[in-house]
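Here is the structure we will look at, set down as structure tokens.
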Amino acid sequence: MVEIELDGQKVEVLEGSTVMHASEKAGIYIPHFCYHKKLSIAANCRMCLVDIEKSPKPMPACATPVTQGMIVRTKNDKAVNAQKGVMEFLLINHPLDCPICDQGGECQLQDLAVGYGASGSRYQEEKRVVFHKDVGPLVSMEEMSRCIHCTRCVRFGQEVAGVMELGMSHRGEYAEIETFVGMSVDSELSGNMIDICPVGALTSKPFRYSARTWELSRRKSVSPHDSTGANLIVQVKGNKVMRVVPLENEEINECWIADRDRFSYEALNSDERLTSPMLKQGGEWKTVDWQTALEYVANGLKQIKADHGTGSIGTLVSPHSTSEELYLAASLMRGLGSENIDYRLRNAEFSPSATVDWLGTSIASLSQLQRVLVIGSNLRKDHPLFAQRIRQAVRKGCVLSAINSDKELTSADAWAMPVSNFLTAAPGVWAQALADVATAIAADMGVTAPAAGQATDVAKAIAKSLQGGEQKAILLGNAAAHHVHASNLLALANWIGAQTGATVGYLTEAANTVGAQLAGALPGSNGLHAGQMLDGKLKAVLLLNNEPEFDSAAGSKVKASLNSAQMVVTLSPFKANMSFSDVLLPIAPFTETPGTFVNAEGRTQSFHAVVKPLGETRPAWKVLRVLANLLGLPGFDFESSQDVLKQIPVFDFAQAAQTASDQRLNASEVHLTVFNAVGPVPAVASIYQLDGLVRRATALQLTADARQAAGLEGVQA
């Protein structure tokens, strides 16, 4: 530790820290623009100049290392005059357009100009003008004359997103932040550039000119998309969601969110919102009241139960639903006497599991890994914030290995980070590829391999990497979870983990995949799984918050199988499944209902509604409760979502970690026959097709990722 004196206060910081770090620890604010705690030091704005004793001139606090006994003054005349001088230079070319700037009211330059700016300018020449750039549908670079060249956006792309999409060209007054030869900004984390821009140069294109910051109410929430469980601030005006920004949580999302977390709110106000219950009568949709719709559903379920038995009724639920909704949907089915409920719509294998599938470690620990093997995941697109943490680890020396298909994800560019070892194989032989790695490990350690394999050069390289380091993980992605040999992949991963000391877990697919397991949204011993229910084996189907055509492995085939059912009931915030549904019930999206998500690490996060339900929309937990009451089922007298939550087991991190450890140890005795059958390709949704919200977010569907998934690459938007 090094002790310095900062404005008369003694401060101890780690050796190698800067004066800025010391000031943060002491709670002393030093004005700055280019410095950001998550980015490398640039020292190019010079706003953080401070007076250091024995130094002939002011020094930048962000780039000056501390030394024992150093005396620093941040608020004496020398420091303040230097800071005011820098501010005068920064304002020379800055346009006087605060009244129309989206950054107004939350602008760092605006705030600091009040304290360090002069009442007038000595600069009489013409201000420079920088022409706008079109870099895509999410980030606006319309007013680049405001840019002060702090390069935060450039460093974010290089260091956090892993893709250098912006850079600074030219020098002096001709310097500009721009993309390379007119390219667009396509990173799945690009919206964070808006947050870290200290001026109004980079703003949100969908939000542009929609509201002033002081008009917005700010309410906490949780992302309903991937399994990170990113913490959000939802900004509301007039009962309408206007903008979504990150809520800092170092244990989960740090200060970042993915673009789908940020921009999916557009769907909440889209024309596709379902705002009243609807019944299909004579092939035409009619708007009805809630009583009529629910009585129709209840009477239909009673009739089908009487005619065909309880086994003919089933529910398919989305793992993007809240725990409360999933619990009540499962309870309703079981109250009717049916065990047909499942959330695993994209799976090809449905082996029963006595344990919860989860990450196997904490989210924060991903940043500290020294060795990691990722199997069957488009990590960067499936889990942008997990990828960002692993990217941090790789920058610190972590050895990343990957097993994936030979058609995609076989380059470092696709991962936006260096990948040391690629084992490319078609999905049907991933189990064999893992068996090859296990064989290489078995040969090194003098044990019997769990399955016949061949120790190829790349398998040996992956085996060697996993035998080194201390903190290491084997992570199974969405494609591995949906795989026809999913249980084999898990068993082999557990064996490898047992031999190498690596944790084993799933990069779980959805916001509430873990919560769905805890809530019991799985078929009982005699129940049908999702694959069977989607194959036309039911007379009555309830669809909670999903569109099987897009959200299941069956794809478009579900139309025929669900059309054969006597009654299909869709509970959705949108006009969905209209070609085969008989009833549409408008349920609230995550912004209009209280609820709970359990993220990949098993962290339970509850949230409140941030706006009132739109039209006749109702929270799904209330709809399910009332439907159960109409069916005469006992045990559905809940008064609040919190009452429902009390019925759901809480994820026990310590117990789950111990169980996972036991599984790995037991895996030492596993011996498998690995089949090289190709089987069906695992069902994996593209980044902006994952759920109903992102599918209906206009700006997200105009991105390069969405257009590529739709086969529109190269087509003018």
Side-chain angles (χ1 to χ4, degrees), residues 38 136 138-139 156-166 183-193 223 225-230 252-254 256-264 359 363 366-367 369 372-396 398-424 427 473-482 505-511 600 682 684-691 694 700 703-709 713:
K38 296 291 183 180
L138 305 181
V139 180
F156 172 84
Q158 287 177 295
E159 299 163 17
V160 180
V163 186
M164 186 178 175
E165 296 180 297
L166 294 178
M183 295 178 70
S184 57
V185 172
D186 300 320
S187 164
E188 59 285 349
L189 297 171
S190 65
N192 293 291
M193 295 178 182
S223 168
H225 304 303
D226 65 42
S227 58
T228 308
I252 302 175
N253 55 297
E254 300 176 85
W256 317 119
I257 54 174
D259 286 350
R260 64 182 168 205
D261 302 328
R262 184 183 302 272
F263 296 108
S264 66
L359 188 62
I363 291 173
L366 297 179
S367 306
L369 291 174
V372 60
L373 169 61
V374 179
I375 304 157
S377 176
N378 185 347
L379 183 64
R380 178 182 164 193
K381 304 300 181 181
D382 293 345
H383 300 90
L385 295 174
F386 289 171
Q388 184 274 131
R389 284 195 178 268
I390 292 175
R391 194 172 294 120
Q392 289 181 40
V394 171
R395 285 172 61 87
K396 291 182 283 190
C398 173
V399 178
L400 170 61
S401 303
I403 296 177
N404 226 308
S405 72
D406 54 359
K407 294 183 180 179
E408 57 181 17
L409 309 176
T410 54
S411 70
D413 289 342
W415 289 68
M417 69 183 93
V419 182
S420 301
N421 307 297
F422 273 119
L423 200 167
T424 57
I474 300 171
L475 302 171
L476 296 149
N478 293 352
H482 302 157
Y506 282 98
L507 296 160
T508 53
E509 176 185 18
V684 180
S686 64
I687 184 170
Y688 298 133
Q689 290 293 322
L690 182 64
D691 58 66
V694 294
L700 292 178
T703 60
D705 279 317
R707 293 172 63 76
Q708 182 178 359
E713 311 99 306

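The structure presented is a predicted model; accordingly, all values stated were derived computationally and were not measured.
Note that the CD atom of Gln388 and the CG atom of Leu379 stand 11.0 Å from one another [nearest 0.5 Å]. Here the CG-CD distance, from Leu507 to Glu509, works out to 11.5 Å after rounding to the nearest 0.5 Å. Once rounded to the nearest 0.5 Å, the distance linking CD of Gln158 with CG of Leu166 reads 10.0 Å. Here Met193 contributes atom CE and Ser190 contributes atom OG; the two are 6.5 Å apart, rounded to the nearest 0.5 Å. We find the CZ-CG distance between Arg260 and Asp691 to be 8.0 Å, quoted to the nearest 0.5 Å. Atom OG of Ser377 is separated from atom CG of Leu475 by 8.5 Å, given to the nearest 0.5 angstrom.
Evaluation of the side-chain hydrogen bond (donor to acceptor under 3.5 Å, both in side chains) rule for Asn253 yields no partner, not counting sequence neighbours. Annotation: salt bridge (Lys or Arg N to Asp or Glu O under 4.0 Å) contacts of Lys38 (sequence neighbours excluded): Glu250, Glu254. Considering only residues two or more places apart in sequence or on other chains, Ser420 meets the side-chain contact (heavy atoms from CB on, under 4.5 Å) condition with Val399. Under the side-chain contact (heavy atoms from CB on, under 4.5 Å) criterion, Ala481 pairs with Tyr506, not counting sequence neighbours. Evaluation of the side-chain contact (heavy atoms from CB on, under 4.5 Å) rule for Ser367 yields Arg389, Gln392 as partners, not counting sequence neighbours. Asn192 pairs by the side-chain hydrogen bond (donor to acceptor under 3.5 Å, both in side chains) definition with Arg262, not counting sequence neighbours. Every residue two or more places apart in sequence or in another chain was checked for a salt bridge (Lys or Arg N to Asp or Glu O under 4.0 Å) with Arg391, and none qualifies. Scored by the side-chain hydrogen bond (donor to acceptor under 3.5 Å, both in side chains) test, Ser187 finds no partners at all (sequence neighbours excluded). Applying the salt bridge (Lys or Arg N to Asp or Glu O under 4.0 Å) rule to Asp705 yields the partners Lys381; only residues at least two apart in sequence or on another chain are considered. With sequence neighbours left out, Tyr688 forms a ring pair (Phe, Tyr, Trp, His ring centres under 6.0 Å) with no residue at all. Contacts of Ala600 classified as side-chain contact (heavy atoms from CB on, under 4.5 Å), with partners at least two apart in sequence or in another chain: Ser227, Leu359, Phe386, Thr508. Annotation: side-chain hydrogen bond (donor to acceptor under 3.5 Å, both in side chains) contacts of Thr228 (sequence neighbours excluded): Asp226.
A heavy-atom distance below 4.5 Å is not found between the side chains of Thr703 and Asp259. For the pair Val372 and Cys398, the minimum side-chain heavy-atom distance is below 4.5 Å. Between Leu400 and Val374 there is a side-chain heavy-atom pair separated by less than 4.5 Å. At a threshold of 4.5 Å between non-hydrogen side-chain atoms, the residues Val139 and Glu165 do not count as touching. For the pair Asn404/Trp415, a side-chain contact is recorded, criterion being any heavy-atom separation below 4.5 Å from C-beta on. Using a 4.5 Å cut-off on side-chain heavy atoms (C-beta onward), Leu189 and Leu385 make contact.
Here the closest non-hydrogen pair linking Ala416 and Arg380 is CB-CD, 3.8 Å. Across all non-hydrogen atoms, the minimal contact from Ser686 to Ala709 is OG-CB, 3.5 Å. When all heavy atoms of Gly229 and Ile252 are compared, the closest pair comes out as O-CG2, 3.6 Å. The two atoms that bring Ser405 and Pro427 nearest to each other are CB-CD, 4.0 Å, heavy atoms only. What you find for Asp382 and Ala685 is that their closest heavy atoms are OD1-O, 4.3 Å.
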Item to complete: Give the intermediate values and the outcome of side chain to side chain contact (heavy atoms under 4.5 Å, CB included) for residues Leu138 and Leu700.
Response: CA-CA 8 Å; Leu138 305 181; Leu700 292 178; 4.2 Å; yes

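Looking at His225 and Asp261, their side chains never bring a donor and an acceptor atom within 3.5 Å of each other.
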